[in-house]
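By convention in this document, chain letters (A, B, ...) are assigned in the order of the sequence lines, proteins followed by strands, and residues within each chain are numbered from 1.
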Amino acid sequence: MSKSLRPLFHPNGEKYHLALVEDAESILLAIRDFLVRDFRVSVFSDFPSASDYFSGENCDVDLLISDIALPGGSGFRLVEQIREKGCRTPVILITAYDINEYIETIKSLSIAHILTKHSNLSLQEIFVTAWKILSGDIFGIDKYFPKIKIYFPSELLGKTSPANGEVFSVTIRNTEERIFWTDRIGAYFKEVLKIPESVSKLVLDEMVTNGMLRAPRHADGTYKYQKWIPEKDMLIADDYIELDSEDYILLQYGFSGDWMILSVTDPHGTLEKEEILYRLRRHILPDKKTGLPEGLTDSHGRGIFLMRDQLTHLIYNVHKGKKTEVIGLFNTRHPIPYKNISVYEIHD
Amino acid sequence: MQENQSPVINKELYDGLPFSVVLIDDDYFIRELNPSAALLAGSNLEDLKGKKCYAALFQQEHPCRFCPRANQLFTLDELHSSGFRFRQEILAEKPETPIPRNLYYDQTQYLVRNSDGRAFLAETLRDITQDKEQEEEKARNEKLILLGTIVQMVAHELNNPLTGLSMTLQTMEDADEEKIIRMRRDIELAQGIVADIQGFTRREGYRLEPIPLATILNESIDVAKRLFSPVPEFQITWDIPDKHIQIEGNEKKILQLFGNLFKNSVEAWKSSRREKPLTIWVIVSQATRKTDMRSTRHYLDIQIVDDAGGIPQEVLHRIFDPFFTTKKLYNRGSGLGLFIVHKIMEEHAGTVDVQTRGEFSRFILHFPLKRKV
């Protein structure tokens with residue numbers, strides 16, 4: 001497998017140091033073997049040995065990749081332990097269980113990368129996740145699909161149906177273009193990948209709405225293209241929106257083999273990891289009084305929950321104050337919503 | 001003898017009975033019947049008198065094969081003396097296109113004499129189709145819940161070794177070698193089974209919303225036409241006035257439900273190696289069922305009927321079991337298609353029945369409705 005991402009080194013000139021904790025030996029060794037060419041990898045097969053390693057004073061690990069269910073303890077306990085020491089080491093959790101059960105802990109420990117351990121999980125996906133966290137070079141769908149050819153708006157010459165391995169980029173400037181492209185792309189994915197329009201359009205609508213309505217704000221923080229109705233706690237979008245040129249969004253779509261690829265980039269970078277996890281949590285965790293998720297009574301953040309619910313992997317790349325890229329990947333060969341979610345943040 | 005000569009034909013008594021009572025003479029002519037029997041025959045009470053019982057009640061040209069009286073060589077008078085009395089469950093048919101529908105009755109036959117001393121065959125018929133279906137459904141549910149739990153546990157346990165195997169293969173340098181490709185293909189097959197199981201055991205985020213039935217049916221048929229070759233011929237019949245009817249469902253699951261049923265028909269047709277092209281009938285109708293002694297509930301029944309070769313009676317009770325398949329080993333899918341159909345119906349508070357007759361199979365999906373159409 002080609003990794004196609006440039007070699008990465010710690011500012012001290014050495015390879016980055018990864019700690020990998022997983023009790024299934026074959027999985028542990030396969031991930032180690034795949035990553036060891038690019039990183040220094042320490043492996044642990046249970047909680048006590050990993051916990052011992054982290055019990056010292058230093059935080060000399062650049063990235064922790066851990067299973068949740070471990071012999072002798074849990075991956076969460078391990079993360080708590082290193083957080084208690086004040087280490088801000090980024091964490092990737094890999095779990096065979098549904099993360100909805102752990103959403104509260106995930107939020108409180110600020111874990112932004114959760115991969116579902118399923119037999120289609122690719123080592124490339126783990127590698128890219130680690131590489132992006134460590135390099136801070138987070139944007140672009142080509143990181144996941146190194147061989148893909150991306151066409152920009154000026155190169156399309158009226159074509160709207162990318163072939164296998166191609167991704168087309170279009171600019172959305174107003175409501176009319178939004179409607180045209182979401183309809184067109186929904187029909188395109190239905191045609192080439194047999195994905196129900198209910199899935200592709202839901203994801204697309206949510207991504208585009210986020211880029212067009214939620215991201216653009218005035219200097220005082222109020223929305224540019226929607227109004228808040230305080231008595232109903234609702235945001236109402238303008239009927240027809242003509243974006244200012246500094247608010248144009250870029251929509252990318254195409255497929256590679258069994259994968260549907262969708263991405264929307266806005267030039268604002270307003271989303272935050274904490275907020276994404278907070279919004280997700282309110283749609284998953286039942287309220288103590290009502291027994292229903294808090295998010296049912298309003299629509300704040302429902303989009304994130306619904307998108308993740310449809311996709312194999314939902315990825316947020318945020319350059320604070322500059323740019324947000326939301327990527328949605330869906331595998332049609334195993335159309336199970338694995339609900340992997342990754343949130344990458346960089347700051348100037 | 002004293003008892004036999006008393007008037008036995010008490011009209012008030014049998015007119016009020018909620019099941020059919022028919023008095024038949026030696027030549028199978030109906031002499032008396034109650035309103036329930038007229039309702040069963042779907043005809044006017046007076047018009048039915050003097051008709052042959054097998055024609056009026058069961059649309060047959062000859063005495064019914066299950067009729068106890070028809071298998072006797074004696075006259076009714078002689079049978080009366082012998083104390084003839086019979087009770088059984090019978091399977092009858094209601095004419096429907098393209099195949100008749102199975103109906104179950106609790107049937108009793110015994111002899112009575114009228115005041116003139118003439119012997120008549122008294123037959124009672126109680127429609128127990130719903131009871132039978134509910135009984136079968138309950139037994140099937142219990143079995144499938146248990147099997148589903150086991151399957152889910154097995155899938156979870158298989159997940160780790162399969163992930164390890166798949167990841168180890170990903171690290172191998174000579175990944176293009178034919179033997180490795182073959183191994184990968186087998187792993188993918190196993191992955192598909194595990195993924196299918198995980199797909200129906202993960203239920204969170206599963207919302208039921210009103211879906212226009214016609215739209216989703218058409219979409220399912222479009223997908224089937226694109227995916228399956230040769231393409232089956234579809235015939236759709238709406239036996240309800242409102243074609244805009246909506247069902248409470250999850251769109252993705254309903255697409256999967258119809259997709260699995262259509263796929264099942266196509267694969268059955270292929271493995272029966274029939275030369276005649278495959279036809280799939282989709283029939284939408286409405287039914288009312290008892291939910292308990294006092295209440296009834298309205299259902300939308302969607303029948304998927306095919307002429308793909310039928311299902312052998314002896315395997316009919318296993319048709320929804322996980323991994324049960326009649327297909328050849330090396331051509332089979334995951335063996336979970338109909339199990340998932342059953343599971344999806346359960347998740348939609350509905351049920352599914354299966355019937356087979358000759359070359360035809362019929363799956364009936366019962367979707368609960370909020371109110372009558």
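- Within the model, atoms CD of B:E219 and NZ of A:K190 stand 4.0 Å from one another, a figure rounded to the nearest 0.5 Å.
- Residue-environment remark: NZ (B:K143) exceeds the threshold of 12 foreign heavy atoms within 6.0 Å.
- Rounding to the nearest 0.5 angstrom, the gap separating the CG atom in B:L255 from the NZ atom in A:K194 is 14.0 Å.
- Considering CG of B:N159 and CD1 of A:I27, their distance stands at 7.5 Å, rounded to 0.5 Å.
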- Message: side chain to side chain contact (heavy atoms under 4.5 Å, CB included) for B:M167 and A:I126? Distances and angles first, verdict last.
- Response: CA-CA 11 Å; B:M167 284 186 164; A:I126 300 173; 3.7 Å; yes
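- Contact between B:G164 and A:S26 at its shortest, heavy atoms only, is CA-OG, 3.2 Å.
- Of the two parts of A:I31, only the side chain, counted from C-beta on, holds a non-hydrogen atom closer than 4.5 Å to a non-hydrogen atom of chain B.
- The distance from atom CG of A:D33 to atom CD of B:Q170, rounded to the nearest 0.5 Å, is 12.0 Å.
- Within 6.0 Å of the CD atom in B:Q235, the count of heavy atoms belonging to other residues, nucleotides or ligands exceeds 12.
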- Task: Just do the side chain to side chain contact (heavy atoms under 4.5 Å, CB included) check on A:K117 and B:N160 with the steps written out, would you?
- Result: CA-CA 8 Å; A:K117 193 199 282 178; B:N160 260 355; 3.1 Å; yes
